[in-house]
Protein chains: 2
Amino acid sequence: MEYKIKSRIWIEVDGEILLGEGRVSLLKAIEKTGSLSKASKSLGMSYKKAWSLIDAVNSRAKSPVCNTTIGGTKGGGTQITAYGKSLIEAYERINKNCWEFLDKQISEADLK
Amino acid sequence: MEYKIKSRIWIEVDGEILLGEGRVSLLKAIEKTGSLSKASKSLGMSYKKAWSLIDAVNSRAKSPVCNTTIGGTKGGGTQITAYGKSLIEAYERINKNCWEFLDKQISEADLK
DNA sequence: TACCGTTATACCTCAGTAAATATAACGACT
DNA sequence: AGTCGTTATATTTACTGAGGTATAACGGTA
């Protein structure tokens, strides 16, 4: 069996995690569903965990990543801001580049 | 505060972890001390955990990463093989390259 | 043969994290 | 006013992973 190289990347602010793989997939689920509770259900994650993740992201990002509304006909909801979308896009682009870079590195290392 | 990008890389074999940051630092401590028990103490890690990590590495690597002896005047010991040293070296080189690559990527992304 | 420091392994305990549950507030609509 | 689905939060429960302790085996040396 061949050696494979894997990686996880994340963005930190002031020594604390801003954005990692889990948070990005949560943000994308929110973008798709328009709701934090629906997003957490779709990922098999508890609402509480999802809420605390989003809270952490919002409190550390330089600009808000999402806007929430409470009450109303549909009960409320959560929308990802344009800034949030730009963060998601940057994370995924860098992540993909990192994988490609590492695949090249491991093949050049030629470990037997 | 500025956004910083972090990463962890690891090598997998057959879907299971062969080598990550913790295992590499353990192997280096063994190399320095010549003993698994001394290495675990120097890292503040329990012997049991250190042993299970080394056991996992040895069972998955294509060649043995260390040789152990039991008994004798000094009680025994563990030596890192030449193959093990080459794995450590490859991991650290790729890891360093990855950090440099990511630092470049995040500065190019220019996130506000 | 007794001693010593090491490898190797089983078992039990405990804490820190994750999950489940409960509850309040909100606001558009009927 | 009552309903509904959502956000927001506290409290309690469950569980996994890590650590501690104990013990056997090993083989040079005195």
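For the numbers below, each heavy atom of this structure counts, side chains included, while hydrogens, waters and symmetry mates do not.
Judged purely by distance below 3.5 Å, without hydrogens or angles, the side chains of A/Thr33 and A/Ser35 never pair a donor atom with an acceptor atom.
Side-chain nitrogen and oxygen atoms of B/Ser37 include at least one within less than 4.0 Å of the OP1 or OP2 phosphate oxygen of C/dT7. At the phosphate of C/dT7, neither OP1 nor OP2 sits under 4.0 Å from any side-chain N or O atom of B/Trp51.
Panel note: side chain A/Tyr3, backbone B/Lys62; a donor-acceptor pair is recorded below 3.5 Å. No donor-acceptor distance shorter than 3.5 angstrom exists from the side chain of B/Thr78 to the backbone of B/Thr68, with no hydrogens or angles considered.
Salt bridge status for A/Lys28 with A/Glu92: present, with a side-chain N to carboxylate O gap under 4.0 Å. Ion pairing of B/Glu100 with B/Lys104 is absent here, as no side-chain N (NZ or NE/NH1/NH2) approaches a carboxylate O to less than 4.0 Å.
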Q. Along nucleotides 12-22 of chain D, 5' to 3', which nucleotides get a B, which get an S, and which get a -, given that the test is a protein heavy-atom distance under 4.0 Å?
A. -------BB--
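Of the residues in residues 65-74 of chain B, B/Ile70, B/Gly71, B/Gly72, B/Thr73 come within less than 4.0 Å of DNA chain D through at least one heavy atom, sorted by number.
Shown here are the side chain to side chain contact (heavy atoms under 4.5 Å, CB included) partners of A/Glu89, two or more places apart in sequence or in another chain: A/Arg93.
A/Ser7 has its side chain within reach of A/Trp99: a pair of non-hydrogen atoms, C-beta onward, lies under 4.5 Å apart.
For A/Lys6, the NZ atom counts as loosely surrounded, since its 6.0 Å shell holds 12 or fewer non-hydrogen atoms of other residues, nucleotides or ligands.
The side chain of A/Tyr47 sits closest to D/dA8 out of D/dA8, D/dT6, C/dT9.
Look at NZ on B/Lys41: it is 10 Å from P on C/dG5, rounded to the nearest Å. Summarising the geometry, the separation between CD1 on B/Ile54 and P on C/dT6 is reported as 16 Å, rounded to the nearest angstrom.
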